[in-house]
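First comes the structure, then the notes that go with it.
Quick caveat, the model's predicted, so the values are computed rather than measured. Letters A, B, ... mirror the listed sequences (proteins, then strands); counts begin at 1. Values reported hereafter were calculated over all heavy atoms of this structure, with side chains retained and with hydrogens, waters and symmetry mates removed.
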Amino acid sequence: MSIEFSEQEQIRRQSLEELYKLGINPYPAELFEINATATEILEDFPSNTHMFQDVKIAGRIMSRRIMGAASFIELQDITGRIQLYFKRDDICPGEDKTMYNTVFKHLLDIGDIIGVSGFVFITQMGETTIHVREFKLLSKSLRPLPIVKEKDAVVYDAFTDPEQRYRQRYVDLIVNPEVRKTFVKRAAILNSMRQFLNGKGYLEVETPVLQPLYGGAAARPFKTHHNALNSTLYLRIANELYLKRLIVGGYDGVFEFAKDFRNEGMDRFHNPEFTQMELYVAYKDYEWMMNLVEEMVENVALSTNKNTKITVGENTIDFKRPWKRFTMYEAIEHYTGIDISKMDEKQLTETAKKLGVNVDDCMGKGKLIDEIFGETCEPKLIQPTFITDYPVEMSPLAKKHRTKEGLVERFEAIVNGKELCNAFSELNDPIDQRNRFEAQLELGKRGDEESMVLDEDFLRALEFGMPPTAGLGIGIDRLAMIMTNSHSIQDVLFFPQMKPEIKSLASSVDDFVAKGIPAEYAQLVMKSGFTTLESLKTATPSKLFNDICGLRKKMKLDIKAPSIDDVTTWVANAGK
RNA sequence: GACAAUGUAGCUCAGCUGGUAGAGCAUCGCCCUUUUAAGGCGGGGGUCCUGGGUUCGAAUCCCAGCAUUGUCACCA
């Protein structure tokens with residue numbers, strides 16, 4: 001048995017061998033048909049004890065209580081946990097007690113997946129339990145699970161370390177049932193929105209993730225390369241410009257649940273890849289879109305939580321329509337008492353400084369207003385609130401306001417102090433759009449890494465004529481965070497981005513072998529503390545020899561002890 | 001990117017002003033036929049994140065690095 005395994009892993013691998021010797025396949029190929037689930041039984045049996053007298057159920061062993069010839073285990077399936085009762089003489093009616101004494105008691109472990117058949121009864125302790133007649137190993141688990149216990153709703157030894165939870169989400173999902181629920185809810189959010197939009201007759205579409213030009217948002221992209229085309233491609237930061245091309249093409253409503261990628265900082269609200277739902281509807285404007293967002297999100301709350309009121313951290317957020325509406329200037333005036341609507345750039349800079357907002361010289365008027373808003377208003381907007389009418393400088397894809405100079409027809413919904421969605425009356429004037437792109441190019445030349453690039457094909461599409469269109473982008477991860485009361489985006493993504501794990505040990509065994517040390521001894525050398533050739537050079541051969549022999553004995557390895565001369569040679573060769 | 005905290009057994013964590021590591025659960029052996037965060041007795045298990053330094057001696061003190069978490073900055 002190799003030494004790279006912990007004691008518990010070694011024991012499980014030995015169990016695996018013994019199972020094979022007994023003629024039991026620990027990974028059988030054939031299906032195991034079930035006819036009940038844990039929750040069904042727990043809910044229905046007590047009121048009708050004639051049911052479930054021939055149940056088949058499958059799941060993972062989560063705990064064991066063995067008392068000689070009788071045992072209880074807890075089995076976990078997708079619906080929950082149910083207790084199983086194993087009695088030796090029922091499992092093994094004949095003389096041969098191997099299936100109970102050896103297989104069940106010694107070769108099965110917590111974490112193994114089994115299928116059982118039996119009948120349901122209630123123990124003296126009052127717990128609904130399956131009395132097992134037969135069991136079958138469906139998959140042997142070779143790693144020990146974290147053991148989480150619970151009594152009276154108090155959880156003991158909870159598996160909470162975020163790093164392990166995110167890196168080994170499968171373990172998190174096994175031992176933390178509420179995590180599974182979070183992702184079920186996330187799926188319900190998507191379903192609810194999809195149903196809502198399909199119900200309105202809009203078309204769900206798919207557009208390229210790999211794009212020769214990135215556009216539709218202000219963000220830095222991931223860059224990649226296509227070999228056959230020998231050209232640079234970018235992972236999309238948004239799909240806006242593609243969906244609008246489809247509106248030009250004649251669809252009157254298109255939407256896409258889109259994975260977008262932004263090469264920027266990470267924190268509890270930002271993951272490099274995230275999901276947005278973008279929707280474009282022809283012949284509509286942003287006023288109309290506000291009503292749709294309200295209706296859709298209220299709908300999501302109702303279908304995922306059966307209530308428009310959602311508890312998020314310390315707040316209770318009510319998604320019941322209608323939501324509060326402020327123009328950006330009104331919001332700033334409301335929270336600071338200052339009317340900035342008539343101010344020029346200089347006055348805005350002074351106001352920003354007075355309000356303690358960070359400013360720098362390259363900020364234009366739009367950026368200043370946005371900063372003031374972000375600093376003084378956004379965190380205070382807990383209940384769903386629409387903020388409308390943004391400065392034109394910040395919104396190169398939005399249509400100029402029908403009456404207000406210098407503004408665009410744009411809104412964001414702010415919930416719990418954070419942006420939830422962003423929408424506008426889409427700019428469909430190709431001449432204006434070209435000018436706005438060119439203004440962005442200027443920003444780019446001045447060093448703004450997030451400025452948009454000019455998309456000539458998109459302009460060509462607009463030149464054919466796009467109907468007046470309302471567009472929306474709504475952050476699915478943020479919505480999921482709110483609906484599931486999650487503190488961090490990592491809690492609503494199965495596999496949040498992490499730095500790669502570093503594993504040095506396994507990769508360097510070969511280096512030792514290359515220097516003439518047999519593989520089985522190379523592991524012992526490393527276990528003795530010499531994990532690199534560099535360090536082995538400095539080893540004292542007699543000490544290393546002793547350590548290796550000691551380890552060999554300790555690990556009960558079935559290999560011959562090396563000679564002191566062998567070890568001396570290894571140390572000498574390590575330096576060559 | 002800045003600051004702070006954390007990194008010890010499979011898991012959750014102790015480990016004081018430096019003296020080469022402990023607990024509970026898990027695991028292994030024995031006992032136990034309705035138990036329940038089962039119980040009793042006994043055993044094993046550790047590169048104290050990594051690399052340097054100080055010291056007679058480092059899990060502990062210092063420096064550097066890595067990873068995670070939190071706050072801020074950047075960013076939707």
Could you tell me whether the side chain of A:E163 has a donor or acceptor atom within less than 3.5 Å of a complementary atom in the base of B:A67?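 No.
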Kindly say whether, by distance alone, the side chain of A:E127 makes a donor-acceptor pair under 3.5 Å with the base of B:U34?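 It does not, because no donor-acceptor pair links the side chain of A:E127 to the base of B:U34 below 3.5 Å.
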Heavy atoms only, 4.0 Å cut-off, all strands: where does [X] land among base, sugar-phosphate and nothing?
X	result
A:R220	nothing
A:E150	sugar-phosphate
A:D267	base
A:E264	sugar-phosphate
A:F121	base

Short side-chain N/O contact from [X] to OP1 or OP2 of [N], under 4.0 Å:
X	N	result
A:Q164	B:C11	yes
A:R64	B:U27	yes
A:R12	B:G10	no
A:Q490	B:U69	yes

Quantified in whole Å, what is the [atom1] atom distance between nucleotide [N] and nucleotide [M]?
N	M	atom1	answer
B:C49	B:U6	P	12 Å
B:C11	B:G53	C1'	34 Å
B:G40	B:U35	C1'	15 Å
B:C72	B:U55	P	43 Å
B:C16	B:G22	P	13 Å
B:U8	B:A23	C1'	13 Å
B:C32	B:G39	C1'	9 Å
B:U27	B:G44	C1'	9 Å

From the list B:U68, B:U35, B:G43, which nucleotide is the closest neighbour of the side chain of A:Q83? B:U35
At their closest point, which heavy atom of A:C92 faces which heavy atom of A:K97, and how far apart are they? O-NZ, 2.7 Å
Taking the nucleotide of RNA chain B with the closest heavy atom to each, which residue, A:I66 or A:D89, is nearer the 5' end?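 Nearest nucleotide further toward 5': that of A:D89.
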By nearest-nucleotide position on RNA chain B, the 5'-leaning member of A:K418 and A:M498 is A:M498
Salt bridge check: are A:R13 and A:E17 linked by an N-O gap of less than 4.0 Å? no
Answer yes or no: are there more than 12 heavy-atom neighbours, outside A:E134 itself, under 6.0 Å from its atom CD?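 Counting neighbours around CD of A:E134, 12 or fewer heavy atoms of other residues, nucleotides or ligands fall under 6.0 Å, so no.
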Verify the neighbour count for atom CZ of A:R268: are there more than 12 heavy atoms of other residues, nucleotides or ligands below 6.0 Å? yes
Mind checking whether A:Y335 and A:F326 have parallel, tilted or perpendicular rings, split at 30° and 60°? perpendicular
For A:F411, the option from A:N422, A:D389, A:V293, A:I387 that meets side chain to side chain contact (heavy atoms under 4.5 Å, CB included): A:V293
